[in-house]
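For reference, the structure is listed below as structure tokens.
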Amino acid sequence: MRRPDIDDRLLARLIFAAAVFLTTYFAFLPNLPLEWRSPGSPRLYLIGTAGSALLLVSVIFLLAKRTGRGGSPSAWFAAHVVTAMAGAVLVSVHSAGRLRYAPALLLLALLGLVALGVWARIRLSRRISATFATKHGSFAPVAGENRERLQAVIREKETLLERLDPGAREGTFSLTLVHWLRRPAASRAYARLVREEHRLLGTRGTVSVAQAYWRRVHIALSVFFVLGLIGHVAVVTFWAGYVSGGEEIYWWHITAW
Amino acid sequence: MSQLALMIDLERCFGCKSCEAACKQEHRLGPGEYRNKVVWLGDFEGEGLDFLTLTCQHCERPACLRACPVNPKAIDRNPATGVVRVLEDRCTGCGECVIACPYSAMGYDPSGHHAVKCDLCPDRRSAGLDPACASICPGHAISFGEREELLACARGDERSVRDHDHFLLKPQTIYLERINGNSRGNGSAVSPTEFERRPAFVDAPKAHQVFAEKGAAFPYGKVKEEVKADRVEPAGCNICFNCCSAKFHFKGNELVQITGNDEDPVLKGKLCPKAQMTLQMYHNEHRLTRPMKRVGKRGEGRFEPIGWDQALDEIAEKLKGVRDKWGAEALALFIGTRTGLITKNGYVRLFQQMWGTPNIEGTDPFCATGKSVAYDLVQGIVGSGNSYTPEDMGSAEMYLYIGDNQAETRPVYFGMINDWRIKNRAKMAVVDPRYTVTASKADRWLPIRPGTDMALGLAMAHHILSSGLHDRAFCESWVVGWERWRDFIFERGYSPEWAAPLTGIPAGDIRSLAEDVARADGCVIFGSRGLNQHTNSAQTNRVLMYLAAITGNWGRKGGTYFNMTAGPPIAPDAPPERRPKMERPRVRRSPAGWVEAMRRGEPYPIKALISCNNPLAQWPGLEEVREAFRDLDFMVHIELFPNETSAFADYVLPAAGGIEKGEIGRTNDDRRIVWIEKLIDPPGEAKPDGWIWIELGRRLGFGDVLKEKYKDSRVFWDEVCIDNDHLRGVTQRRLHANPYRWVRFPVASEDAPEQETLYLEGTTAVGQPAGKRFPTPSGKLEFWTGEMEEKFETLGLSALPEFYSEREQLVDMPYVELDHGDAAMGVISPFHKSGPTGASRCRIVAPDGEGPGAALRARGFDTELITGRPPAPHFHSWTHYFWQAQEMWPDQYCQIHPDRAGALGIRDGEKVRVETAHGGIEAVAWVNAGIRPTAVFIPIGWGEKQPYHPWRPVNFLTDKNQRDPVSDQTNLKSLLCRVTRA
């Protein structure tokens with residue numbers, strides 16, 4: 001059976017369509033009625049909410065991928081791509097082009113996330129595939145190198161694992177959300193050993209910086225975005241007075257502190 | 001179950017990449033997607049060349065698995081078998097596993113966006129088969145099984161297992177170290193090492209971009225269920241001279257896979273990469289599918305599609321016009337081996353006889369006529385009588401390769417030889433200007449100056465004869481004229497000291513090599529294009545044949561002179577009364593000698609050409625050849641792919657190939673005739689060559705000879721092609737009576753047994769009176785006879801081979817000067833059996849310090865240019881239309897020694913310009929020490945009209961006029977050039 005995937009051509013078409021739509025939209029924005037130029041108007045409020053909801057599919061993808069619940073991770077990944085892109089378009093519309101305010105940073109993060117994701121899928125994929133067979137030096141005979149530190153780390157991991165997950169085998173074990181929730185201290189200690197092992201292996205340093213760190217940047221940006229989104233919702237909902245700066249509060253809110 | 005593993009023998013692997021091709025077929029992997037890869041490694045310090053088959057290590061502590069962020073993991077490890085696999089439906093394509101694997105053995109599908117990796121072919125395992133790579137490896141370098149058993153085997157063979165567990169991941173894939181002292185020409189340490197480098201141009205991302213954009217052709221990239229075979233048919237491969245049996249896997253009528261034929265008792269299911277990649281020939285968007293008529297200027301490449309009837313009617317009318325105006329011989333036929341032997345030696349031969357032109361030739365004069373003439377003279381028939389069997393070639397104590405890079409040109413055969421070498425602890429030596437792949441497996445590499453192999457052979461013989469190391473009994477019983485030759489080389493002083501400055505090989509090394517050959521109980525001396533493609537081709541081959549004979553290595557098992565190939569004698573004749581008398585002799589044996597007739601009409605005009613090959617990339621001196629083709633009145637090109645030649649044609653006719661038409665394999669090393677069954681229809685309106693020649697013949701009134709029923713090549717084979725003592729038993733019935741579809745000739749009847757080794761003592765040669773061991777006039781090997789002397793005198797030479805080399809050399813040495821240019825008819829050659837053929841008298845010119853070589857050196861041509869075959873995935877131009885062959889070896893390259901590159905400021909992977917006195921081209925530099933410091937090497941096969949990586953072909957650098965007076969063979973191996981950064 002064919003695995004669910006969005007091929008490069010479709011992804012490029014989606015991003016192109018989104019770009020054309022937003023460019024056209026912002027080009028005509030000054031001529032649109034006020035309700036399309038006010039982010040808090042009922043219409044744009046709803047659009048922003050819908051966009052945020054779509055973006056939250058990515059969080060579900062994360063949970064599905066990390067917990068094993070919810071079906072095929074690759075199907076969720078495809079959903080994450082499509083909904084994130086659609087969400088980004090809606091959130092951009094919601095912004096009404098107001099880029100001089102703090103929430104614009106979220107928009108910037110969102111555009112960064114989309115751009116990074118699309119670049120990784122279309123361009124970086126080839127670089128990832130080209131990694132195959134580039135580390136031929138690893139096949140040279142071992143010539144008296146010091147493997148003791150690595151051995152010590154593995155022993156420490158094995159010892160710790162007896163507490164953390166008694167049935168597990170160190171060679172095929174990695175931490176999951178469940179471990180972090182149930183045994184946070186032991187998990188933290190184990191994660192430190194994993195980092196130490198990675199440092200000793202040095203594999204991340206054997207590929208390009210872009211390949212090594214794009215995903216971490218993507219995750220960091222998404223964390224920043226989600227936290228920012230929560231903050232934004234909280235501020236406009238509870239600190240509507242602060243946000244309005246003394247002007248009319250025309251969006252739905254709970255308190256006007 | 002114990003842990004399963006692959007065991008990869010670095011001594012046996014010779015980098016052919018067949019395992020890569022098999023893996024991509026088995027798993028339908030597209031461009032950029034790998035589960036295994038063979039890495040070529042070299043270094044700047046020595047001439048090392050090593051190969052690393054890089055695949056998953058199936059680690060006990062798989063770093064990839066632990067790096068996978070999906071839960072449950074998208075990678076798992078079977079605790080029973082130890083197999084680590086990717087669960088593609090769970091993989092989200094983040095690439096963390098690719099980063100984590102310190103062996104870089106985790107692949108990635110860039111278009112499907114998920115990790116891929118070796119899983120040891122579970123489908124094959126469940127069917128009781130080995131993984132695809134292990135079953136097909138021509139080098140017998142990959143074994144599969146339970147790990148403990150593999151290790152026990154290694155111990156039993158006293159082989160060392162490499163410890164490459166730098167990361168304590170407990171890799172399970174076993175690597176056997178190279179055998180000490182046998183890894184390099186200089187005997188230095190074993191490798192691969194971390195200090196070695198890959199050729200930059202092979203991994204250049206820009207070169208691979210083209211595939212990423214184009215994607216993969218069917219069936220690559222398809223899911224398993226869509227292309228799972230439901231039927232398997234045996235047939236053969238038609239792409240090179242190894243002539244492998246193969247199995248063709250079909251789903252319905254669609255060809256989905258090509259594998260080796262494991263029922264073949266000789267080849268045992270081994271297959272080279274290009275044979276597998278013919279799958280990309282049968283499914284190829286670049287194939288010619290309709291007849292086309294030129295509408296633009298000649299060479300411009302503008303055509304319009306037309307129907308077959310219109311094309312053939314118009315061609316027939318135009319040919320008649322040429323005949324009426326210029327005579328029948330004004331039509332030349334250039335029929336390459338691409339067309340298949342049945343076409344070349346059957347259909348076209350009959351057409352040529354009925355038409356009445358003597359000007360017909362194939363690619364032989366560019367490849368092998370020198371050795372053919374030499375075999376005819378010495379043995380009375382072309383080809384060695386030995387076979388690739390353990391009892392015959394496998395029993396040799398020594399293998400000596402001179403100018404034969406068998407590992408890349410016939411990889412399946414080399415895999416057998418190398419396997420026997422290792423098992424029997426036989427010696428192997430390689431004489432070649434390059435540290436070839438073949439040399440990388442040898443005990444000894446002798447980097448000879450190109451064009452001086454005759455001097456080496458003479459000096460070795462001098463030492464053997466002067467030391468009494470020759471096989472006196474064999475010489476006295478079975479060699480005519482050997483004393484005369486012995487006296488000749490003594491008189492001329494062809495000693496090792498004489499040869500040393502000519503060859504660049506120290507006299508001591510020549511002596512020691514000679515002693516090794518003489519003392520071995522069975523030595524196979526291999527020679528090939530490195531000897532043949534010279535102006536001294538025939539004489540060099542004769543000298544080396546003499547060397548084999550005086551050491552008793554002739555007419556025995558495990559000892560022979562082996563210059564491929566031994567073509568089946570297919571030579572049907574039209575009824576004499578239907579053949580018009582040919583008024584004039586053939587202009588020249590070599591098509592290169594037809595150029596003057598095309599351009600200037602001398603000695604008589606050639607005005608029309610039917611070509612079934614790619615002469616505009618293949619003939620030497622392309623600048624002049626293209627001018628000549630522009631001057632033709634009429635030209636037809638019959639091919640599979642459009643190329644440089646097509647662009648010059650008036651009509652381009654789409655041809656069928658391989659299993660699209662019913663054919664035998666090309667001329668083969670050891671007399672196996674492989675029947676290639678017609679299993680599929682050609683694409684579009686393409687037709688088998690036989691169909692085209694019969695239809696054209698019918699329009700010219702030859703229908704009574706080129707009969708309609710012969711369009712079925714099986715009928716043509718049985719009724720027309722095999723009517724002689726060698727082939728009479730190779731009937732369709734016999735070819736189909738076994739599951740591997742080949743029969744070894746000669747077999748005079750259907751029930752006659754095959755002969756593994758010909759010319760053994762006490763036997764009689766085929767078609768000869770009883771007791772005549774060899775098919776020469778004397779029944780013995782002939783070094784010198786009075787009749788032979790007369791023949792050589794016709795051309796101004798002696799029958800006793802006198803040393804001369806090429807005119808373009810870095811040191812002065814004798815060379816041959818032709819008295820007649822191609823515009824003159826000259827004399828009739830006594831060496832060509834196929835009919836009167838023009839040739840030139842000649843003289844050997846002694847060096848005087850002012851010869852052509854000195855003049856060129858003064859103009860800055862200071863480097864030896866060698867041309868030759870590229871690595872195993874390529875063969876001439878076809879493979880350049882296969883995306884995977886281009887993925888493996890994308891660009892035309894120029895191998896250059898680091899010393900020379902450093903002096904010229906050239907870095908690995910940079911573009912260089914190479915010029916000779918005859919033209920210039922560009923290529924990408926491969927800086928590698930495996931070549932004489934004074935030489936560069938550029939492979940053949942690339943062309944300007946190829947779809948992926950077009951390059952101006954190397955034959956713009958060669959010279960059509962430097963030819964062997966005896967065989968008309970062109971020198972393609974020794975020219976002076978200069979190299980600069982482009």
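Chain A is the first sequence line, chain B the second, and so forth, proteins listed ahead of strands; every chain is numbered from 1. What you see is a predicted model; the values in this text were computed from it and never measured.
Under a 4.0 Å N-O distance rule, the pair B:D109/A:R126 does not qualify as a salt bridge. Here B:E96 does not pair with A:R216 in a salt bridge; the nearest charged N to carboxylate O distance is not below 4.0 Å.
Between A:I6 and B:H113, the closest heavy-atom pair is O-CE1, 3.5 Å. The heavy-atom pair separating B:F167 from A:S138 by the smallest distance is CZ-OG, 3.7 Å. In terms of heavy-atom proximity, B:R61 sits nearest to A:I154 at NH1-CD1, 3.3 Å. The minimum heavy-atom distance between A:A133 and B:K37, with the atom names listed, is CB-CD, 3.7 Å. Here the closest heavy-atom approach between residue A:D5 and residue B:G112 is recorded as OD2-O, 3.2 Å. Between B:D163 and A:R147 the shortest heavy-atom distance is OD2-NH2, 3.3 Å.
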>> Walk me through whether B:M106 and A:T131 qualify under side-chain contact (heavy atoms from CB on, under 4.5 Å).
In response: CA-CA 8 Å; B:M106 178 61 73; A:T131 308; over 6 Å; no

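In this structure, no portion of B:C59 lies under 4.5 Å from any heavy atom of chain A. At a 4.5 Å heavy-atom cutoff, the contact between A:T134 and chain B is made by backbone and side-chain atoms alike. With a 4.5 angstrom heavy-atom cutoff, A:W214 touches chain B only via side-chain atoms. Interface remark: B:K73 contributes side-chain atoms only to the contact with chain A (heavy atom separation under 4.5 Å). Interface remark: B:V39 contributes side-chain atoms only to the contact with chain A (heavy atom separation under 4.5 Å). Neither the backbone nor the side chain of A:R149 comes within less than 4.5 Å of any heavy atom of chain B. Looking at B:E88, the atoms closer than 4.5 Å to chain A (heavy atoms on both sides) sit in the backbone and in the side chain alike.
The greatest number of non-hydrogen atom pairs below 4.5 Å with chain B, out of A:R9, A:R127, A:E197, is found for A:E197. Note on A:R169, A:R66, A:H218, A:R121: by heavy-atom pairs under 4.5 Å with chain B, the leading option is A:R121. Ranked by non-hydrogen atom pairs under 4.5 Å with chain B, the options A:I122, A:L177, A:D7, A:L150 are led by A:L150. For chain A, the option among B:R198, B:E226, B:R77, B:K222 with the highest count of heavy-atom pairs below 4.5 Å is B:R198. Considering only heavy-atom pairs separated by less than 4.5 Å from chain A, the leading option among B:G32, B:G95, B:A115, B:P102 is B:P102. Annotation: maximal heavy-atom pairing with chain B below 4.5 Å, among A:A64, A:G68, A:P4, occurs at A:G68. Most heavy-atom pairs under 4.5 Å with chain A, from the set B:P72, B:C91, B:S111, B:C68: that is B:C91. Between chain A and the residues B:N71, B:D76, B:V84, B:I75, the most heavy-atom pairs under 4.5 angstrom are made by B:N71. Interface remark: of the candidates B:R35, B:K224, B:E60, B:K170, B:R35 forms the most heavy-atom pairs closer than 4.5 Å to chain A.
With values rounded to the nearest 0.5 angstrom, A:T172 atom OG1 is found 8.5 Å from B:R66 atom CZ. To the nearest 0.5 Å, atoms CZ (A:F139) and OG1 (B:T173) are separated by 8.0 Å. Going from atom CG of B:L54 over to atom NZ of A:K135 covers 10.5 Å, rounded to the nearest 0.5 Å. Note that the NE2 atom of B:H114 and the CZ atom of A:F77 stand 12.5 Å from one another [nearest 0.5 Å]. For the atom pair NE2 (A:H136) and OG (B:S104), the distance works out to 8.5 Å, reported to the nearest 0.5 Å. In this structure, the separation between CD1 on A:I128 and CD1 on B:I99 is 7.0 Å, given to the nearest 0.5 Å.
In this structure the side chain of B:T92 never reaches within 4.5 angstrom of the side chain of A:H80, judged on heavy atoms. Within the 4.5 Å cutoff, the side chain of A:S74 has no heavy atoms near those of the B:R90 side chain. Between B:L168 and A:Q151 there is a side-chain heavy-atom pair separated by less than 4.5 Å. Residues A:R215 and B:P69 are in side-chain contact: their nearest non-hydrogen atoms beyond the backbone lie under 4.5 Å apart. Taking 4.5 Å as the limit, some side-chain heavy atom of B:V98 sits within range of a side-chain heavy atom of A:Q211.
Using a 30° and 60° split on the angle between ring planes, A:F132 and B:Y34 fall in the parallel class, below 30°.
Within the structure, side-chain hydrogen bond (donor to acceptor under 3.5 Å, both in side chains) pairs that include any residue of residues 185-194 of chain A do not occur (at least two apart or interchain).
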